Amino acid sequence: MVSTAGPDRPDPSPGTRRPEGGLRNASWDQIRDLFALDRDCTHLNTGTVGAMPHEVLEVNDRVTREWTGGLMNVYPPAMYTEHRANIGRAFGVDQDEMVICHNATEGVARVIHGLDLGDGDEVVTTSHECYSVLSNFNLVRNRHGLTIRTVTPPSGPDVRAEEIVELFERQITPRTKVLAFAAITLFTGTMMPVRELCELAHRHGLITVIDGALLPGMLDCDLRAYGADFISCSGSKFQCGPLGTGLLYVRNKVHPEYNPLPLPTFWPVISTWYPMIGSPPPRTTTSVESYNMGDYLQSAGSANIAKGAALARACELWDEIGRDRIELRVRELAEYARSRLVEHFGWESLYSPSSDPRLRSPLIAFNPFRAREDAWNIKKFITFVDRLESEHRIWIRWTEFDVPGSPHQHYAARLCTHLFNGHDEIDRAVGTMAALAREIS
Ligand SMILES: Cc1ncc(COP(=O)(O)O)c(C=O)c1O
């Protein structure tokens, strides 16, 4: 290990030392040391909240102190001009299309309330969306008289991408204006066929709203290439930034190879940059923006400058390690975990699509109990997750969701793998889960 401390600087804490050869060549053990995670805790719940690297915590603390009690002008840095450009680059988009916001919920709410929708317009979405999406659409339904057509995606190990695309397509009517779905669903960890669904939307002239809460930090993704209009993301899950951070991609120019449709009318609600008199210029029809929509949304009063800087640092760390390398690692660990789960609980225990590689994500939902009907026994799931945490320091979560044709919701245990996990801890966690599930069954 080589210290980054200079002659007049104190030796940094262990988690901020750079391995020789840089992070791109660091071992996964060395990378685990970057994180403020106890060695004896097994964190398999990044889909809820990630773990911050020490450096990210340090930036958060340092910038908070720098700005506390100062008389500096807090508004220019709240635009995050440079951070947005750097983060945007990592995700294949420009600064005018990127916003640092407070979380995925805030991002998607600002999108849903900014769409130009009215009485009779229809939105097609799924019952497997996060509450943040469904409650906001229901609000605009009550307020503006929209119709929300909600489909329940199939679950189970043998679901195929085509089934999902067909399910959406069957719901589209001449009144449909919006297709809204999660890139990766939180209940069953289904990696939606994002590009195919966006192409479906393009064929029908629809606006696409993607809940991408789980994307950044997990996948080496190009947000523009998906072809969506809006993608709201969390900064504190797989990207491991501070809680209360998010990223919002807003399509602000037309790249026909990705999305040939004109830009949708969009009202950037919560803005101090939107003109105070008159209207903004018309939106562009080319690959050159006519104004900076990102600025309109970013400028919304004072901001948590420290959290923005800390999220930017987390993104830089990911770029240094290599987002391609991280994605491969996360997926490899997930497939390892999936095989161990199948060994202990059986293929049929899986709620997550598994045989179609296009739908696999590192979030894996399963029924750990022998009896099938225990999949609707919430008490057992609460006990299972609580005891894993309190007795074994293993963090997972349980989820509840609709299943086509079932009169009631099902519950599942859900684990997810991230770059700081290792094969040994997956072995230990799955073995412990199997023993505990037998005891509770
Ligand atoms: C798919 C999905 N969407 C949205 C959210 C909400 O994210 P945030 O806490 O960043 O608002 C979550 C949280 O778990 C999620 O998993």
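When reading the values below, keep in mind they use all heavy atoms of this one structure, side chains included, and skip hydrogens, waters and symmetry mates. Counting convention: from 1, in listed order, for ligands and their atoms alike. On a predicted model such as this, the values are computed, not experimentally measured, just so you know.
A cation-pi arrangement is found for Arg325 relative to Trp28, the charged atom lying closer than 6.0 Å to the ring centre and inside a 45° cone about the ring normal.
Between His43 and Phe420, the ring planes are parallel. Angles under 30° get that label, and only those over 60° would be called perpendicular. Relative orientation of the Phe230 and Phe266 rings is tilted, given thresholds of 30° and 60° on the angle between their planes. Ring geometry, Tyr291 versus Tyr296: the interplanar angle falls under 30°, so the pair is classed parallel (tilted spans 30 to 60°).
Near Ala213, meaning under 4.0 Å from any of its heavy atoms, are these atoms of ligand 1: 2 (C), 3 (N), 4 (C), 5 (C), 15 (C). For ligand 1, the atoms closer than 4.0 angstrom to any heavy atom of Gly47 are 14 (O).
Protein heavy atom in closest approach to atom 10 (O) of ligand 1: Ala104 N, 2.9 Å. Here the protein heavy atom with the shortest distance to atom 5 (C) of ligand 1 is Cys130 SG, 3.5 Å. Nearest non-hydrogen protein atom to atom 1 (C) of ligand 1 is Asp211 OD2, 3.4 Å. Remark: minimum distance from atom 9 (O) of ligand 1 to any protein heavy atom is reached at Lys237 NZ, 3.9 Å. Scanning the protein heavy atoms around atom 11 (O) of ligand 1, the nearest turns out to be Thr105 OG1, 2.5 Å.
Between the side chains of Asn292 and Gln95, a donor-acceptor pair is found at a separation under 3.5 Å.
Between Glu343 and Arg340, at least one side-chain nitrogen of the basic residue sits less than 4.0 Å from a carboxylate oxygen of the acidic one, meeting the salt-bridge criterion. Salt bridge annotation for Asp119-Arg141: absent, with no cationic side-chain nitrogen under 4.0 angstrom from a carboxylate oxygen.
Residue Ser234 has at least one nitrogen or oxygen atom sitting less than 3.5 Å from a nitrogen or oxygen atom of ligand 1, judged on distance alone. Checked against a 3.5 angstrom limit, the closest N/O atoms of Leu214 and ligand 1 fall outside it. For the pair Ser236 and ligand 1, the shortest N or O to N or O distance does not fall below 3.5 Å.
The closest non-hydrogen atom to atom 16 (O) of ligand 1, taken over Leu247, Leu363, Leu186, comes from Leu186.
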N/O donor to acceptor pairs below 3.5 angstrom from side-chain atoms of residues 207-221, sequence neighbours left out:
unit_1: Thr208; atom_1: OG1; unit_2: Asp229; atom_2: N; d: 3.0
unit_1: Thr208; atom_1: OG1; unit_2: Asp229; atom_2: OD2; d: 3.3
unit_1: Asp211; atom_1: OD1; unit_2: Ala213; atom_2: N; d: 3.0

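Heavy-atom distances between Ile184 and ligand 1 reach below 4.0 Å in at least one pair.
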